[in-house]
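Data block below; observations after.
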Amino acid sequence: MIAFVSGPVAALAPTLAVIEVGGVGMAVQCTPNTIAGLRMGETARLATSLVVREDSLTLYGFADDDERQVFELLQTASGVGPRLAQAMLGVHSPDALRVAVESGDEKALTAVPGIGKKGAQKLLLELKGKLGAATAVVGAQRVVASGPAPWAEQLTAALIGLGYAARDAEDAVDAVTPQAEAAIAAGAGAPVPQLLRAALQSLNRTR
């Protein structure tokens with residue numbers, strides 16, 4: 001198992017980072033939140049999980065070991081593969097997922113693309129007691145209560161990490177704000193991966 005990769009960031013895409021390790025570029029699938037913390041040319045260390053299939057080897061990357069552990073634990077539930085596990089971590093932090101599971105928060109799980117009401121109910125039953133106790137949610141909630149919306153901060157950081165100027169990133173976030181607000185009003189939460197794609201399309205149109 002490849003436990004982590006460390007080296008300069010050679011390339012960035014909305015859900016992919018290439019880390020140079022010993023002269024070899026390692027393609028690592030990451031959530032937009034993780035991508036937002038990376039910068040081209042700077043050294044990065046990502047905890048990783050290697051998923052082996054008959055026709056592929058896919059390396060998934062995470063900001064820390066806790067996120068990787070939750071990624072792997074999520075896949076112990078039936079019907080949860082690596083892509084859905086990563087999507088869950090793209091919408092919620094590890095601690096937010098722990099709180100959602102332990103409190104039976106069905107709405108939080110249905111905010112993840114690909115999870116419906118019945119799927120959320122099944123996951124809540126199967127994951128109960130498996131993810132451990134939350135450690136930092138209270139502090140995170142205090143941060144959320146003031147300042148820009150978390151999704152907007154994540155999106156801006158991701159765009160800057162991809163090489164866009166701060167002003168262009170802010171304009172792109174403004175362009176997708178109605179889409180985010182509509183999703184939040186519908187009770188689905190802000191879908192950061194979809195918003196990132198929409199923001200990139202907005203930036204490409206203005207070039």
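Note that the structure is a prediction, hence the values are computed from the model and not measured.
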More than 12 non-hydrogen atoms from neighbouring residues, nucleotides or ligands closer than 6.0 Å to NZ on Lys130, yes or no?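 Yes.
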
Flag yes if more than 12 heavy atoms outside Arg83 fall under 6.0 Å of its CZ atom; otherwise flag no. no

Quick check: does any side chain N or O of [X] sit under 3.5 Å from a backbone N or O of [Y], one acting as donor and the other as acceptor?
X      : Y      : answer
Ser202 : Ala198 : no
Glu72  : Ser49  : no
Gln69  : Asp65  : no

Let me check something: do [X] and [Y] share a hydrophobic cluster, defined by ILVMFWY side-chain heavy atoms less than 4.5 Å apart, either directly or through other members?
X     : Y     : result
Leu16 : Leu50 : no
Met26 : Phe4  : no
Val21 : Val18 : no

Show me the donor-acceptor pairs, under 3.5 Å and distance only, between side chains in residues 167-186 and residues at least two apart or in other chains.
{"from": "Thr177", "atom 1": "OG1", "to": "Val173", "atom 2": "O", "distance (Å)": "2.8"}

Taking all non-hydrogen atoms of both residues, which atom of [X] and which atom of [Y] are closest, and how far apart?
X     : Y     : answer
Thr48 : Ile2  : OG1-O, 2.5 Å
Cys30 : Leu46 : SG-CD1, 4.0 Å
Val9  : Ala44 : CG2-CB, 3.8 Å

From Glu106 CD over to Gln121 CD, what is the distance, rounded to the nearest 0.5 angstrom?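 Nearest 0.5 Å value for the CD-CD distance: 4.5 Å.
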
May I have the step-by-step check of salt bridge (charged side-chain N to carboxylate O under 4.0 Å, His left out) for Arg98 and Asp66, ending in yes or no? CA-CA 12 Å; Arg98 291 184 176 108; Asp66 182 45; 2.5 Å; yes

Decide yes or no on side-chain hydrogen bond (donor to acceptor under 3.5 Å, both in side chains) for Thr31 and Gln86, but give the supporting numbers first. CA-CA 7 Å; Thr31 66; Gln86 189 177 54; over 6 Å; no

With the side chain counted from C-beta on, respond yes when Leu84 and Leu74 share a heavy-atom pair under 4.5 Å apart, and no when they do not. no

Would you tabulate the side-chain donor-acceptor contacts of residues 52-60 under 3.5 Å, counting partners in other chains and residues two or more places apart, or write 'none'?
none

